[in-house]
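Right, one structure below, let's go through it.
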Amino acid sequence: VKAGGRNNYEYYTESMRKAAVNRLNLLNDLRYATENGEFFIEYQPIITLETGRVQKAEALIRWQHPKRGLIRPDDFISIAEESGLIIEISNWVFRQVCDDINYLRKNYCNELQLSINTSASHYFSTAPSIMEWLDVLLNTHTPSNALVLEITESLLMDADKSVTQKLFQFRQAGVSIALDDFGTGFSSISYLKKFPTDYIKIDRSFVNSMTEVSNDKILCEAIIVMAKKLGIEVVAEGIETNEQLNILKNMGCEYGQGYYFSKPVKKAQFETMLRNQLEN
Ligand code: C2E
Ligand code: CA
Ligand code: CA
Ligand code: CA
């Protein structure tokens, strides 16, 4: 910035101030967003690579802000987590997903599994506790084997005994656990020893560079081989090209997700995909 004799220092403090104000405004708006019904869910299909069929999808939250338009989760989830609002927001997502599971299973695919992203703070909270979700499953007659909880390493990094116990309880109730963004942290592999895991989701950064960086391809393959031996199924994230798809398929990867198949779509559009699949 050249204007008006401003130096870099002023420039940075000014932009930092703006960022802080922006966060504060978003936080205020976030408080009302749940009550005002400003959130909605998009589903990104997860493809069974061998058959090409869609029997799974990941729920991704969207915020339709009345003035700012569509806001992506990367721009508000951290604010929701810091403020504690994440619990209310996650509960909202969870209930929507339960409704959708019941409706979609009944009408289109009785093996359908929907996965949702969960936040670390939710597992640490005791009142309200994330274990209330098991009651919701019962009360809404939602089959527990239709639900997958995605967890990230940052959750497991600080996990104490109570968190581990909660994960085991979910699993005991029939809910599946997926390790999200696998390979991006420092100790992904050690978590496989400690935590119950049904799925590994290979982070899209590996898939992305697989065709250029031979090490990333080797790592992908090693993850898939290791997972197989452990009885864990693998989902490759961020598949964007046919080349990536073929490599992963040849490596024996079970599931794929990414723009090559479909971007995240509104529920109605996801429903259409499932319907078309019924007719084939
Ligand atoms: P994630 O869990 O790793 O979700 C995958 C993200 O990658 C999504 O971004 C998805 O749209 C994007 N993606 C999928 N396929 C491709 C591809 O082929 N190429 C590229 N470049 N991107 C692809 P999205 O929807 O913006 O979500 C960002 C993150 O926000 C998620 O990352 C997740 O950590 C978080 N998030 C989303 N929904 C929720 C939620 O309901 N609760 C919580 N706690 N976090 C959420
Ligand atoms: Ca995820
Ligand atoms: Ca991910
Ligand atoms: Ca991510």
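Both ligands and their constituent atoms are indexed starting at 1 by order of listing. This structure is a prediction, so every number in the text was calculated from the model and none was measured.
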| message | Once rounded to the nearest 0.5 Å, what's the spacing between atom CG of Asn276 and atom CD of Glu271? | response | 11.0 Å

Determine, for [X] against [Y], whether the closest basic-nitrogen to carboxylate-oxygen distance falls under 4.0 angstrom.
X      : Y      : answer
Lys201 : Glu58  : yes
Arg105 : Glu111 : no
Arg171 : Asp198 : yes

Looking only at the side chains, is there a donor atom on one of [X] and [Y] sitting less than 3.5 Å from an acceptor on the other?
X      : Y      : value
Asn242 : Asn246 : yes
Lys56  : Tyr199 : yes
Trp63  : Asp29  : no
Thr142 : Asn102 : yes
Tyr123 : Thr118 : yes

What do you reckon, does [X] have a nitrogen or oxygen under 3.5 Å from a nitrogen or oxygen of ligand 1?
X     : result
Arg62 : yes
Gln44 : yes
Glu81 : no

| request: Would you mind finding which of Lys263, His122, Glu42, Glu240 brings a heavy atom closest to atom 20 (C) of ligand 1? | output: Glu240

| Which is closest to atom 4 (O) of ligand 1 by heavy-atom distance: Thr152, Leu60, Asp74? | Leu60

With heavy atoms of [X] as the reference, note each atom of ligand 1 found under 4.0 Å away.
X      : answer
Asp181 : 3 (O)
Ile239 : 18 (O)
Pro264 : 11 (O)
Gly258 : 15 (N), 18 (O)
Pro73  : 24 (P), 25 (O), 26 (O), 27 (O), 28 (C), 30 (O), 36 (N), 37 (C)
Glu237 : 3 (O)
Glu58  : 2 (O), 4 (O)

| query | Does the side chain of Val97 reach to within under 4.5 Å of the side chain of Ile41, using non-hydrogen atoms? | reply | yes

| field | Min side-chain heavy-atom separation Asp100-Lys267 under 4.5 Å | value | yes

| Are Leu149 and Ile46 connected, step by step, through hydrophobic side chains (Ile, Leu, Val, Met, Phe, Trp, Tyr) whose heavy atoms are closer than 4.5 Å? | no

| field | Verify same cluster id: Val234, Ile218 (apolar side-chain graph, 4.5 Å) | value | no

Run the contact test for [X] against ligand 1 with a 4.0 Å cut-off on heavy atoms, strictly below, and give the result.
X      : result
Lys201 : no
Ser119 : yes
Gln257 : no

| Where does Ile41 meet ligand 1, judged by heavy-atom distances below 4.0 Å: at the side chain, the backbone, both, or neither? | neither

| note | Counting only protein N, O or S atoms and ignoring waters, those under 3.0 Å from the Ca ion (ligand 2) are Glu58 OE2, Asn117 OD1, Glu150 OE1, Asp180 OD2

| Residues clustered with Tyr259, ILVMFWY side-chain links under 4.5 angstrom | none

